[in-house]
Amino acid sequence: MASTATHLVVVFTMLVSAMAVAESNMLQDFCVADLSNGNKSFLYVFFLNILTFITFFLLTNEAVKVNGYTCKDSTQVTPEDFYFQGLATAKAAANSSTGAIVTGATVEKLPGLNTLGLSMSRIDYAPNGLNPPHVHPRASEVIFVLEGQLYVGFVTTAGKLVAKYINKGEVFVFPKGLLHFQKNIAGSAPASVLAAFDSQLPGTQSLVASLFGALPDNILVESFKIKPKQVKTIKSRYQPKK
């Protein structure tokens, strides 16, 4: 019994250590996301992986790793799991509050991306449209200008602005986790870009919406050195998340 218990402890320890290091090689052809189960929490997936690893290790000495979503039954996989046409056409960005619309091709829209560590999006800008300052906490981003001319940039942790005007056919990179933006500088013409990410679900946190949609009034007053009435005016534009 002691030997068996020791063996399981060693296996568990090896598993935890292995999960702390990114797997550089695929262990299977694909892992299409089973979206019917919803997006599981990290702990759920972590312990699911533990049970999967132990089961396969004890029975076959093999393991299937999952990061984010569980795998769809391979017999139920279809070409549609790897296909998405949502980036093909421009969206009416003029109807948005900031003049920019982001259409994502993440694992939530393209299940075949699951575990592959990449995704895309299309951003359409109305004349003078702005994709406001925001952060992608889980991915770096590279954009390719389809049409128009934009002013783009990011802010380093030292507070330095790194910005540039870019044109059709040009590329710009935003490092992971850094605050960044894109602005269409044309007053009479739309613009659009394609963006690629090194995450299947990069996440987006808007600076203004997060601050004024979530933080208490007194924190905002002290942080920005503005009057409570001004804070309430700005907060009225952003509904808190439930």
Side-chain angles (χ1 to χ4, degrees), residues 39 84-110 119-155 161-168 172-174 176-197 199 201-221 223-242:
N39 195 6
F84 180 67
Q85 59 181 353
L87 308 187
T89 57
K91 301 298 187 296
N95 298 329
S96 69
S97 60
T98 63
I101 290 183
V102 180
T103 305
T106 66
V107 67
E108 295 175 329
K109 300 286 184 65
L110 189 52
S119 60
M120 294 182 68
S121 68
R122 175 182 179 134
I123 312 171
D124 293 299
Y125 313 82
N128 292 317
L130 170 70
N131 190 12
H134 61 280
V135 170
H136 300 299
R138 298 185 288 271
S140 295
E141 174 184 5
V142 56
I143 61 172
F144 173 83
V145 183
L146 294 172
E147 294 291 342
Q149 183 182 35
L150 299 103
Y151 180 62
V152 304
F154 61 87
V155 180
L161 174 63
V162 179
K164 185 175 179 62
Y165 291 95
I166 58 175
N167 303 285
K168 180 178 179 178
F172 194 84
V173 175
F174 305 107
K176 179 180 179 179
L178 294 186
L179 189 69
H180 62 282
F181 66 90
Q182 305 107 28
K183 167 76 174 176
N184 179 10
I185 63 173
S188 59
S192 58
V193 305
L194 282 179
F197 305 89
S199 170
L201 199 60
T204 300
Q205 185 172 32
S206 170
L207 175 64
V208 179
S210 294
L211 291 175
F212 288 90
L215 294 182
D217 290 15
N218 65 311
I219 300 298
L220 294 168
V221 168
S223 298
F224 290 96
K225 307 302 179 185
I226 57 179
K227 297 180 179 180
K229 184 177 180 180
Q230 293 174 302
V231 168
K232 291 185 181 298
T233 299
I234 300 174
K235 290 190 75 170
S236 66
R237 305 170 189 167
Y238 301 96
Q239 296 300 318
K241 301 294 184 181
K242 296 181 179 180

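- One N or O on the side chain of S119 and one on the backbone of S199 form a donor-acceptor pair closer than 3.5 Å.
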ask   = Yes or no on side chain to side chain contact (heavy atoms under 4.5 Å, CB included) for K183 and N128, after CA distance, side-chain angles and deciding distance?
value = CA-CA 7 Å; K183 167 76 174 176; N128 292 317; 3.8 Å; yes
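- Scanning both residues, A105 and L87, for their nearest heavy atoms gives CB-CD1, 4.0 Å.
- Between A139 and F197, the closest heavy-atom pair is CB-CB, 4.0 Å.
- For the atom pair F84 CZ and L110 CG, the distance stands at 7.5 Å (nearest 0.5 Å).
- Between the CG atom in L130 and the CD1 atom in I185 there is a gap of 13.0 Å [rounded to 0.5 Å].
- Looking only at side-chain heavy atoms (C-beta outward), R122 and L146 come within less than 4.5 Å of each other.
- Formation of a donor-acceptor pair under 3.5 Å by the N131 side chain with backbone atoms of A100 is not found in this model.
- Contact detail for Y238 and I234: the closest heavy-atom pair is CD1-O, 3.3 Å.
- Scanning both residues, R138 and K176, for their nearest heavy atoms gives C-CE, 3.7 Å.
- Considering only heavy atoms from C-beta on, M120 stays 4.5 Å or farther from K109 through its side chain.
- Looking at residues two or more places apart in sequence or on another chain, you find a side-chain hydrogen bond (donor to acceptor under 3.5 Å, both in side chains) between Q85 and Y83.
- Side-chain N or O atoms of D124 include none that pairs as donor or acceptor with a backbone N or O of I101 at under 3.5 Å.
- In this structure, the side chains of D217 and P228 stay at 4.5 Å or more apart for every pair of heavy atoms.
- Contact annotation: the side chain of I143 approaches that of I166 to within less than 4.5 Å [non-hydrogen atoms, C-beta and beyond].
- Proximity of L211 to F224: side-chain heavy atoms (C-beta onward) are separated by under 4.5 Å at one or more points.
- Taking CD of Q149 as the start and CG of N184 as the end, the distance is 9.0 Å to the nearest 0.5 Å.
- Here the side chain of K235 pairs no donor or acceptor atom with the backbone of P216 at under 3.5 angstrom.
- For T103, there are no side-chain hydrogen bond (donor to acceptor under 3.5 Å, both in side chains) partners two or more places apart in sequence or in a different chain.
- The salt bridge (Lys or Arg N to Asp or Glu O under 4.0 Å) test applied to E141 returns no partner, not counting sequence neighbours.
- Between H180 and the options Y151, F154, F174, a ring pair (Phe, Tyr, Trp, His ring centres under 6.0 Å) holds for only F174.
- The structure places CZ of F212 at 11.0 Å from OG of S236, a figure rounded to the nearest 0.5 Å.
- Between V145 and N167, the closest side-chain pair of non-hydrogen atoms is not below 4.5 Å.
- S210 contributes atom OG, which lies 11.5 Å from atom NE2 of H134 (distance to the nearest 0.5 angstrom).
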query = Does the pair F181 and V155 meet the rule for a side chain to side chain contact (heavy atoms under 4.5 Å, CB included), with working shown?
reply = CA-CA 9 Å; F181 66 90; V155 180; 5.8 Å; no
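- Here OG of S192 is found 12.0 Å from CD of Q182. Values are rounded to the nearest 0.5 Å.
- Minimum interatomic distance between G104 and S121 (heavy atoms only, all atoms of both residues): CA-CB, 3.9 Å.
- Side-chain contact between P202 and T106 is present, with heavy atoms from C-beta onward closer than 4.5 Å.
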